Amino acid sequence: MQEKILNNKKHGMKTLIGCICALIVGIITVIVSGTYENLFFLIVGIALLCLSWIPLCGLRVLKPQEALVLTLFGKYVGTLKGEGFYAVNPFCSAVNPAADTKLSQSGDVKKTSTLSMGSGENININIPDKKISLKIMTLNNSRQKINDCLGNPVEIGIAVMWKVVDTAKAVFNVDNYKEYLSLQCDSALRNIVKVYPYDVAPGVDTTGDGVADEGSLRGSSEVVANRIKNEIQERVNEAGIEIVEARITYLAYAPEIAAVMLQRQQASAIIDARKMIVDGAVGMVEMALERLKNSGCVELDEERKAAMVSNLLVVLCGNRDAQPVVNSGSLY
């Protein structure tokens, strides 16, 4: 289906003024026919009164970044785009299969009209809007529980910025372009997440080139988001939708393994911290022995060097403050 833009329909004000003038002329003609008892004037006046309101049904008002897809007896006739006051065939009808679909996204505002009853009760009536918004909207799908490439269940949510670029494809190529987009977002997210581990893991190839890399959901969020965007765009091209951007809004381990994975991360952090402490302590011990040797103030044999190294490492690597022991005897 190829989109066809109707560019020569911005004469709504002329049509409105013409219809008002025709109604006035019809009223005057009926009055004149009654005054002069002229049957011809009476017929013309009644015809003007009965027919002059019909073009009013073809008046359409559009605001910026709005579109209206029109059909005439089931046939697609064109699309109105851009702000303006339009006049089209009064028998044309607007089509928007997603008018009643409300997703968790921007732009989906429920429009209601309140009808007051004589008893004091108010009735809310839903008024579906057949206009198609061309603005950039944000779809925030619900969180999904997906297994990563290592089989660990993770919960992830994304926000997708999108807009309609081809109204004919959006209306006629798919049944409901909003639901179609939401479904394709869920499917693309699942396909991409199962390729990556949550954290960097050895021997995992996330790019498909046969070489292990350091890609992960937590550390490569920009790369993952771009892959999700491209995956969604390939699936929604036929629906006339452009994906502007995709972002990961939530990422965490599933509750059933979150506590265990937290302990694993804590253990890894403790090991890294201990390694850094030991490396620093060994460097300080080497520096102390070298300075004592260069100054020549104390001569230490190998046994006493080993004792000094042991004591320094205990002091530098211990979790608690050292408890010094005072030797009241001789040095040896």
Side-chain angles (χ1 to χ4, degrees), residues 1-5 62-69 76 79-82 95-109 129-149 154-196 198 206-209 215-252:
M1 180 65 68
Q2 190 67 30
E3 184 182 52
K4 181 169 60 175
I5 307 298
L62 293 182
K63 292 178 286 187
Q65 295 297 319
E66 285 185 345
L68 203 63
V69 178
Y76 172 62
T79 300
L80 301 177
K81 274 188 176 182
V95 181
N96 184 4
D100 295 328
T101 302
K102 305 300 177 185
L103 300 177
S104 177
Q105 65 178 16
S106 62
D108 275 344
V109 181
D129 192 0
K130 297 297 183 180
K131 298 174 184 177
I132 298 176
S133 176
L134 304 179
K135 302 174 185 178
I136 297 177
M137 291 188 286
T138 303
L139 172 64
N140 189 12
N141 265 14
S142 58
R143 299 172 186 173
Q144 291 192 70
K145 184 184 293 185
I146 307 171
N147 291 340
D148 64 2
C149 68
V154 298
E155 288 186 347
I156 185 170
I158 60 170
V160 178
M161 279 62 79
W162 66 280
K163 63 180 179 179
V164 176
V165 294
D166 193 313
T167 57
K169 288 183 177 180
V171 171
F172 299 112
N173 282 8
V174 294
D175 183 59
N176 188 316
Y177 63 89
K178 288 184 180 180
E179 293 181 353
Y180 180 80
L181 173 64
S182 178
L183 179 62
Q184 297 305 326
C185 288
D186 291 342
S187 177
L189 178 63
R190 187 172 296 275
N191 287 341
I192 298 300
V193 169
K194 69 182 183 181
V195 177
Y196 288 85
Y198 183 88
T206 61
T207 59
D209 58 0
S216 66
L217 295 174
R218 193 165 65 94
S220 309
S221 58
E222 292 289 336
V223 177
V224 175
N226 287 331
R227 291 188 66 176
I228 293 173
K229 171 192 171 183
N230 296 333
E231 180 85 6
I232 299 173
Q233 185 63 70
E234 292 178 1
R235 297 169 180 263
V236 300
N237 280 329
E238 286 301 316
I241 296 174
E242 177 186 347
I243 305 300
V244 179
E245 190 179 15
R247 291 290 178 184
I248 296 176
T249 57
Y250 181 83
L251 178 63

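Because the structure is a prediction, the values reported are computed rather than measured.
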Would you say the side chain of [Y] lies within less than 4.5 Å of the side chain of [X], judging by non-hydrogen atoms?
| X | Y | answer |
| --- | --- | --- |
| Lys194 | Cys149 | no |
| Ile248 | Ile156 | yes |
| Ile232 | Cys185 | yes |
| Met161 | Arg247 | yes |
| Asn141 | Val160 | no |
| Tyr177 | Phe172 | no |
| Leu251 | Tyr198 | yes |
| Glu179 | Thr101 | yes |

Roughly how far, to the nearest 0.5 Å, is [atom2] of [Y] from [atom1] of [X]?
| X | Y | atom1 | atom2 | value |
| --- | --- | --- | --- | --- |
| Thr79 | Leu134 | OG1 | CG | 9.5 Å |
| Lys163 | Ile132 | NZ | CD1 | 15.0 Å |
| Glu245 | Asn226 | CD | CG | 8.5 Å |
| Thr167 | Lys131 | OG1 | NZ | 15.0 Å |
| Gln184 | Ile241 | CD | CD1 | 9.5 Å |
| Leu217 | Asp148 | CG | CG | 6.5 Å |

Could you walk me through whether Arg227 and Glu231 pass salt bridge (charged side-chain N to carboxylate O under 4.0 Å, His left out), step by step? CA-CA 6 Å; Arg227 291 188 66 176; Glu231 180 85 6; over 6 Å; no
Taking atom types as modelled and ignoring hydrogens, do the side chains of Arg218 and Tyr196 form a donor-acceptor contact shorter than 3.5 angstrom? no
Restricting to non-hydrogen atoms, name the atom on [X] and the atom on [Y] that form the minimum distance, rounded to 0.1 Å.
| X | Y | result |
| --- | --- | --- |
| Gln233 | Ile243 | OE1-N, 2.7 Å |
| Val244 | Lys229 | O-NZ, 3.4 Å |
| Lys4 | Tyr76 | N-OH, 3.0 Å |
| Gly240 | Lys169 | N-CB, 3.7 Å |
| Ser220 | Gly215 | OG-CA, 3.6 Å |
| Ala246 | Ala225 | O-CB, 3.2 Å |

Is there a side chain to side chain contact (heavy atoms under 4.5 Å, CB included) between Asn96 and Val69 once you walk through the steps? CA-CA 7 Å; Asn96 184 4; Val69 178; over 6 Å; no
Evaluate side chain to side chain contact (heavy atoms under 4.5 Å, CB included) for Met137 paired with Trp162, printing each intermediate quantity in order. CA-CA 5 Å; Met137 291 188 286; Trp162 66 280; 3.3 Å; yes
Would you say Asp175 has more than 12 foreign heavy atoms packed within less than 6.0 Å of its CG? no
For Tyr180, all residues meeting ring pair (Phe, Tyr, Trp, His ring centres under 6.0 Å), sequence neighbours excluded: none
